[in-house]
Amino acid sequence: MFSLYEKAMLKNIFLDVKKKFETAMGILRKEKITIAPEDPAAVAQYAKVMKTVREKTDLWTESQTIKHAIESETKDIPDARGYLLKLQDMRIKQGLKDELGAEAMMMDALEKIEKELKKPLMRNDKKNMASLMAEFDKINQKLGVRREDLPKYEEQLELKIAKAQLEELKKEAEEAMDTQKKREEFKDEEVPDVKSLDIRNFI
């Protein structure tokens, strides 16, 4: 049995989630989303709508979610190599590409530090981790990645994720329409183009 305090806490959590859900649905009922991942304008509009949903419901951005996931997944990893390999694994699972080849360069930098140390670099080794960070800064400079441009990179990440989500929506919509087409009562009906669907009609 729950105590009165626990019941009150659970009720508040439920009401908060319900409020956020209703807020999100209200936005999605107003904003048009075109399921066209191949269209940059449609991707930008979808990303804009989802950003509005997050802001109005106090949800994390994709960048904040990734940052939290990295912190959670790597907090118990003691060495720098294990940390970098975990980041690589997380990137692959997210479906993101290392288009600049930064990971290989970072591994080379780690190899250089560990060769000098003649042992694995541990994350609590502040002096040598600082040396590794300095090597990473050189890599970023070489690749033209600047700290002041981080907001731009976050925006690009949001667009990539928005495109991936639209691609998944398109796939699911096409599969649903194919399934419906096979039913006897719909066999003579023309299957609409996914881009013509208005999600607002299904919410």
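Annotation: the span from Leu84 atom CG to Asp79 atom CG amounts to 9.0 Å, rounded to 0.5 Å. The CG atom of Asn140 sits 10.0 Å away from atom CE of Met105, with the distance rounded to the nearest 0.5 Å. Here CE of Met129 is found 7.0 Å from CZ of Phe136. Values are rounded to the nearest 0.5 Å. Interatomic distance, CZ of Arg29 versus CD of Glu22, reported as 8.5 Å (0.5 Å rounding). Note: Lys67 NZ to Glu71 CD = 5.5 Å, rounded to the nearest 0.5 Å. In this structure, CD on Glu174 lies 9.0 Å from CD1 on Ile35, to the nearest 0.5 angstrom.
Closest approach of Ala47 to Leu159, counting heavy atoms only: CB-CD2, 3.9 Å. In this structure, Asp98 and Ala104 approach most closely via the heavy-atom pair OD2-N, 4.4 Å.
By the 4.5 Å heavy-atom criterion applied to side chains, Ile33 and Leu166 are counted as neighbours. Side-chain contact check for Asp89 versus Lys86: some heavy-atom pair is nearer than 4.5 Å. Here the side chains of Thr52 and Glu31 are not in contact, with every heavy-atom distance at 4.5 Å or above. Side-chain contact between Thr74 and Arg123: present, with at least one pair of heavy atoms (C-beta onward) separated by less than 4.5 Å.
For the salt bridge (Lys or Arg N to Asp or Glu O under 4.0 Å) with Glu158, the lone residue among Lys51, Arg54, Lys163 that qualifies is Arg54.
Atom CD of Glu103 has more than 12 heavy atoms from other residues, nucleotides or ligands within 6.0 Å. Enclosure of atom CD in Gln141 is not indicated, since only 12 or fewer non-hydrogen atoms of other residues, nucleotides or ligands lie within 6.0 angstrom.
Residue pairs satisfying the side chain to side chain donor-acceptor pair (under 3.5 Å) criterion with at least one member in residues 36-46, sequence neighbours excluded, are listed as follows: Tyr46-Gln165.
A salt bridge links Glu99 to Lys160: at least one charged side-chain nitrogen sits closer than 4.0 Å to a carboxylate oxygen.
No continuous path of hydrophobic side-chain contacts links Ile161 to Ile92 [ILVMFWY only; heavy atoms under 4.5 Å]. Under a hydrophobic-cluster definition in which Ile, Leu, Val, Met, Phe, Trp and Tyr are linked whenever side-chain heavy atoms come within less than 4.5 Å, directly or via other members, Leu85 and Met122 are assigned to different clusters.
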Show every donor-acceptor pair shorter than 3.5 Å between a side-chain atom in residues 107-121 and any protein atom, with sequence neighbours excluded, or say none if there are none.
unit_1: Glu111; atom_1: OE2; unit_2: Arg81; atom_2: NH2; d: 3.4
unit_1: Lys112; atom_1: NZ; unit_2: Glu135; atom_2: OE2; d: 3.2
unit_1: Glu114; atom_1: OE1; unit_2: Arg81; atom_2: NH2; d: 2.7
unit_1: Glu114; atom_1: OE2; unit_2: Leu121; atom_2: N; d: 2.9

